[in-house]
Q: 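Got a structure here, written out as structure tokens. Questions coming.
Only this structure's heavy atoms are used, side chains among them; waters, hydrogens and symmetry mates stay out. As the structure is a prediction and not an experimental result, all values here were calculated from the model.
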Amino acid sequence: MQDSEKFEGLKQNLVEENERCYGAEARERYGAAAVDEGNRRMLRMSERDYDAWRGLEEEIRAALEAAVRGGADPAGTEGARVCELHRRWLSYTWPAYSAEAHRGLAETYVADERFTAYYDRDVPGCAAWLRAAILAHAR
């Protein structure tokens, strides 16, 4: 199997896993058209874009952990920076950005234990901090 075929398979697996875990909920909340377009955007991602997207994900996690450990104010400048990183991360798969949808997603980070577990896996409080930062800064 060629590297390009492996990469395409990786993206397909991510889309299928996301559909299995969150598809029905996402379709109910955001509509089938938005979810389908998000999946198409994922499947069309180049390796360079994919690496940038994953790099942003890791940058966000590291920033969240440092902010929570350091007692940073999510309504302050670090919260604005993390919110912007998160908006950029979303832009890779969201067909269109809206602050309202961003804030709605942020609410799920504390309302849904699956998201909370992801963000809080190494440092408790990251999901709530991210939610507060997005609520304070999403525009």
Q: Within the 4.5 Å heavy-atom criterion, are Leu85 and Arg88 side-chain neighbours or not?
A: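 SC-SC contact between Leu85 and Arg88 confirmed.
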
Q: What is the minimum heavy-atom distance between Ala133 and Gly79, and which atoms define it?
A: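 Smallest heavy-atom distance, with atoms named: CB-O, 3.7 Å.
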
Q: Measure the shortest side-chain to side-chain distance between Val110 and Tyr119 over non-hydrogen atoms and say whether it is less than 4.5 angstrom.
A: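 A side-chain contact under 4.5 Å is absent here.
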
Q: Which pair of non-hydrogen atoms, one from Asp122 and one from Arg69, has the smallest distance, and what is that distance?
A: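 Looks like O-NH2, 4.4 Å.
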
Q: Keeping Thr108 on the side-chain end and Ala111 on the backbone end, is there a donor-acceptor pair under 3.5 Å?
A: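 No, Thr108 side chain to Ala111 backbone: no donor-acceptor pair under 3.5 Å.
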
Q: Drop me the distance from Glu47's CD to Asp49's CG, to the nearest 0.5 angstrom.
A: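 Rounded to the nearest 0.5 Å, the CD-CG separation comes to 10.5 Å.
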
Q: Hey, does the side chain of Asp120 reach the backbone of Ala127 with a donor-acceptor pair shorter than 3.5 angstrom?
A: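 Indeed, once roles are kept as given, a pair shorter than 3.5 Å links the two residues.
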
Q: Measuring only between side-chain heavy atoms, which start at C-beta, is Asn39 closer than 4.5 Å to Val35?
A: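 They are in side-chain contact.
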
Q: Enter the distance from Glu59:CD to Leu64:CG here, rounded to the nearest 0.5 Å.
A: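 If I round to the nearest 0.5 Å, the distance is 10.5 Å.
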
Q: Are Arg131 and Arg103 side-chain neighbours, meaning at least one heavy-atom pair lies under 4.5 Å?
A: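 No, side chains not in contact.
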
Q: What is the minimum heavy-atom distance between Ala67 and Trp129, and which atoms define it?
A: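 Answer, listing the atom of Ala67 first, then Trp129: CB-CZ2, 3.6 Å.
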
Q: With no hydrogens and no angle check, do the side chains of Glu8 and Gln12 hold a donor and an acceptor under 3.5 Å apart?
A: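 No - no donor-acceptor pair under 3.5 Å links their side chains.
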
Q: Does the distance from a Lys or Arg side-chain N to an Asp or Glu carboxylate O, for Glu84 and Arg87, drop under 4.0 Å?
A: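 Arg87 and Glu84: salt-bridged.
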
Q: Compare all side-chain heavy atoms of Glu65 with those of Arg121 and state whether any distance is below 4.5 angstrom.
A: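 Counting from C-beta outward, Glu65 and Arg121 never come under 4.5 Å.
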
Q: Please name the pair of heavy atoms, one in Arg44 and one in Lys11, separated by the smallest distance, quoted to 0.1 Å.
A: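 The pair with the smallest heavy-atom distance is C-NZ, 4.1 Å.
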
Q: Between His137 and Pro74 (side chain of the first, backbone of the second, donor and acceptor by atom type, cut-off under 3.5 Å), is there such a pair?
A: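 Checked: pair present.
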
Q: Can you tell me how far apart CH2 (Trp89) and CD (Glu57) are? Round to the nearest 0.5 Å.
A: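 It is 5.5 Å, given to the nearest 0.5 Å.
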
Q: Which value, rounded to the nearest 0.5 Å, describes the distance between Glu19 atom CD and Asp36 atom CG?
A: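 Reported to 0.5 Å precision, the distance equals 7.0 Å.
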
Q: Given His86, which of Trp53, Trp94, Tyr92, Tyr109 fulfils the ring-ring contact (aromatic ring centres under 6.0 Å, His included) condition?
A: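 With His86 as partner, Trp53, Trp94, Tyr92, Tyr109 yield a single ring-ring contact (aromatic ring centres under 6.0 Å, His included), made by Tyr109.
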
Q: Rounded at 0.5 Å granularity, tell me how far CD in Glu16 sits from SG in Cys21.
A: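 Nearest 0.5 Å value for the CD-SG distance: 12.0 Å.
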
Q: Less than 6.0 Å separating the ring centroids of Tyr22 and Phe115?
A: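 Yes; Phe115 has its ring centre under 6.0 Å from that of Tyr22.
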
Q: Grab the two heavy atoms, one from Ala136 and one from Ala75, that are nearest each other, plus how far apart they are.
A: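 Heavy-atom minimum between the residues: CB-CA, 3.9 Å.
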
Q: Does Arg29 use its side chain to pair, donor to acceptor, with the backbone of Leu105 at less than 3.5 Å?
A: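 Looks like no, no N/O pair under 3.5 Å.
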
Q: Find the distance between CD1 (Ile60) and CG (Leu90) and round it off to the nearest 0.5 Å.
A: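 Result: 7.5 Å between the selected atoms.
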
Q: Tyr118: which residues meet the ring-ring contact (aromatic ring centres under 6.0 Å, His included) condition with it, sequence neighbours left out?
A: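 In terms of ring-ring contact (aromatic ring centres under 6.0 Å, His included), with neighbours along the sequence ignored, Tyr118 is linked to no residue.
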
Q: What pair of heavy atoms forms the shortest contact from Tyr97 to Ala138, and how long is it?
A: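 Heavy atoms of Tyr97 and Ala138 come nearest at OH-CB, 3.6 Å.
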
Q: Other residues, nucleotides and ligands only: do more than 12 of their heavy atoms fall within 6.0 Å of CZ on Arg48?
A: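 Open: at most 12 neighbouring heavy atoms sit under 6.0 Å from CZ of Arg48.
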
Q: Flag the pair Leu135 / Glu107 as yes when at least one side-chain heavy-atom distance between them is below 4.5 Å, and no otherwise.
A: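 They are in side-chain contact.
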
Q: Run the side chain to side chain contact (heavy atoms under 4.5 Å, CB included) check on Met45 and Thr93 step by step: do they pass?
A: CA-CA 9 Å; Met45 235 186 251; Thr93 56; 3.8 Å; yes

Q: Is it the case that the side chain of His102 and the backbone of Ile134 share a donor-acceptor pair, with hydrogens and angles ignored and the cut-off at 3.5 Å?
A: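 Between the backbone of Ile134 and the side chain of His102 there is no qualifying donor-acceptor contact (under 3.5 Å).
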
Q: Would you find more than 12 non-hydrogen atoms of other residues, nucleotides or ligands less than 6.0 Å from Glu58 atom CD?
A: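 Yes - once you tally the heavy atoms of other residues, nucleotides and ligands closer than 6.0 Å, there are more than 12.
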
